[in-house]
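These notes concern the structure reproduced below.
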Protein chains: 2
Amino acid sequence: MTTETDRPAEPERVRAPNIRDVARVAGVSYQTVSRVLNDSPSIRPETLQRVRDAIDELGYRPNQAARALVTSRSRTIGVLTAQTVHYGPQTSIQAIETAAREAGYRLSITNISSTEYASIKSGLDYLMSQSIEALIVIAPQVRVFEAINDLQVGVPFVTLEATGLNTSHSLWVDQVMGARIATRHLIELGHTEIMHISGPQDWIEAEARMQGFLRELGDADLRTRAPILGDWTASFGYYAGLELLRYRDFTAVFAGNDQMALGFMHACRESGLSVPDDVSIVGFDDIPEAAHFAPPLTTVRQNFAEIGRRAVALLLGELRGETEMSHDPVQPELVVRQSTARRS
Amino acid sequence: MTTETDRPAEPERVRAPNIRDVARVAGVSYQTVSRVLNDSPSIRPETLQRVRDAIDELGYRPNQAARALVTSRSRTIGVLTAQTVHYGPQTSIQAIETAAREAGYRLSITNISSTEYASIKSGLDYLMSQSIEALIVIAPQVRVFEAINDLQVGVPFVTLEATGLNTSHSLWVDQVMGARIATRHLIELGHTEIMHISGPQDWIEAEARMQGFLRELGDADLRTRAPILGDWTASFGYYAGLELLRYRDFTAVFAGNDQMALGFMHACRESGLSVPDDVSIVGFDDIPEAAHFAPPLTTVRQNFAEIGRRAVALLLGELRGETEMSHDPVQPELVVRQSTARRS
DNA sequence: GGTCGCGATGTGTACGTTCACATCAGCGCC
DNA sequence: GGCGCTGATGTGAACGTACACATCGCGACC
């Protein structure tokens, strides 16, 4: 656009200046310009300055496509993700972005629209055609995980997920342990009838938290009951709460995430029940708002940013040829606030 | 390549198959393969099939760098953003991603680490060197906005921001109107002493909401008082609330976003005050959790996704040469819940 | 029966960069 | 004074693709 009338001769798609244009202006060969761009040591200071001036004068910007083509190094890390609206993945991505940038890498993020195999494959194809050098998969659904293992990924990759099924390529927060800690906290407060509102069944993390919950209950010889399968949203927690509270055959709830815990507490209020006096609630994630819920929520904190940073460090190490890196899970941590109390 | 003897099990960097490899396998010329890739109409069905088979057999993926180099079309929309952790920008990005993908475009997202001019410039340089075809700026800070206007952006672009200062390139939710609606709601409930907890001063949206607030108060001939400058976080709302509630010289609060409203309500509880009986509170954004706060929050809903979709539509239109597109602001909407009541 | 048009395919070239190698001056050295 | 070395610079390839153009066979047409 910008067909401003004051501009006489329409330049119409002026070709961006290239390395030879710079060379011409600086009075050197294009190779010398290339050397300047790549910080070659053997350049006379005077020449260096001339080239730099020419670059500024023309507003020259190196063409990444050409660079990537010839070096087959895109300096790009691909991120395959399924659900970026959630707090956890989003925080991780942020950390990944920062860490990658510091190492001179950029991110190519692709959301897959569904967890169908075809959709995953097309997302991956897309990233591969960008000549990504490494891949990070933040796809908490079981299916995605399976598909990735099935598909031939030609580059170093890690999956950010919970179970540690595939330890050689995964980086994870020990969700099972987190769930156990949360459940144990409730048990230690004297609760024996504990409900679990879980995330969607096909999410690895939901599954892991459920496992941790069930195992801890089992270890304490307490009655286990079927968890409610939710969808992570506060609304689900609310409606599930309204339903569950009609029969009050439990005194504590372990929610799969903080949002569902919030919704559940809402349902408690509407049902005339006090948290934590009548019902104790533990969440998961420790989103920044959780400290200000009514009451402030006891929850399990995960260091999403740490995971993101580690993922990048791991991949960059692998690209440099370093082999052994730590794959230890990040340990979650219980944050006790006011939504849990000793059973009355 | 790299036949270094010291390295034992070289991963054997096999060159990825290219268009000529496919051509050889299919027994056609590379140009025919290119035609298949670009959906050229004049290909014999039989030839088409042979080429497709060859592609599958070799696992061929077109090299985007080469493509971008020769066409100077990267099929990429750049997104320059400052704060993706916030709900609004994140929701918009999600919508942008979806809309872009549907149009066959991808996103290149760059976070700027600070609002320094140099940082903005380097972010923009970075995007430009990716040969982006269009640019979306989600940078709510005034400074970013200024810098973008200053810098020569060589491609169609829009900024997603609040004031409409630069209507030819901006796409916005009418934040001033949103703030007026929120404030008017409080006034209509009989409140005359209204506080405003604002966002950071350098955010355009914070400024716009503050303006709307002040204007509405002015129109109603009510006393205006200096807004508190916050940082969008629930914690700030909480601590500001504790401080403000020591003098109870107001009966209503308009918070710059839902998080700060949440924190403020927390402070009310701790101060023994009831929302909405003692203090009415209105938030801004309508994050999904707001409906489950205690009490459910009256707030102003913004359609972030709509903004994202529109941004993409606008840019794609411009790329196609269409000139006139709607730049009308998206109208925000008051959602009345239970955090506001008639002044007692 | 030659010309034309058209559908299907092949050949050259350019895109902007980096890499390997070539060149060239200047210097110290025996 | 010829030799080799080194630092600074230049030249000729590639990289993988798309575009413009050329080619070729074939049926239609006057």
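Proteins come first, then strands; the chains are lettered A, B, ... in the order of their sequence lines, and each starts at number 1.
The stretch residues 40-51 of chain A has no heavy atom under 4.0 angstrom from DNA chain C at all.
A distance of 9.5 Å separates CD1 in B:I136 from CD1 in B:I93, rounded to the nearest 0.5 Å. To the nearest 0.5 Å, the span separating CZ on B:R310 from OG on B:S92 amounts to 12.0 Å.
Taking 4.0 Å as the cut-off between side-chain N and carboxylate O, A:E133 and A:R75 do not count as a salt-bridged pair.
No donor-acceptor distance shorter than 3.5 angstrom exists from the side chain of B:R61 to the backbone of A:Y126, with no hydrogens or angles considered. In terms of modelled atom types and a separation under 3.5 Å, the side chain of B:T71 and the main chain of B:R67 share a donor-acceptor contact.
For the side-chain contact (heavy atoms from CB on, under 4.5 Å) with A:L80, the lone residue among A:I138, A:I109, A:L127 that qualifies is A:L127.
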task: Using a 4.0 Å cut-off on protein heavy atoms (strictly under), produce a 5'-to-3' string for nucleotides 16-22 of chain C with B for base contact, S for backbone-only sugar-phosphate contact, and - for none.
output: BBBBB--
message: With salt bridge (charged side-chain N to carboxylate O under 4.0 Å, His left out) as the criterion, how do B:K121 and B:D125 come out once you've worked through the C-alpha distance, each side chain's angles and the decisive distance to 0.1 Å?
response: CA-CA 6 Å; B:K121 177 159 165 35; B:D125 273 359; 3.3 Å; yes
For residues 19-28 of chain A, which side-chain donor-acceptor pairs fall under 3.5 Å, sequence neighbours excluded?
from	atom 1	to	atom 2	distance (Å)
A:D21	OD1	A:R24	NH1	3.3
A:D21	OD1	A:R24	NH2	3.3
A:D21	OD2	A:R15	NH1	3.4
A:D21	OD2	A:N18	N	2.9

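Atom CZ in B:R73 sits about 18 Å away from atom P in C:dC15, given to the nearest Å.
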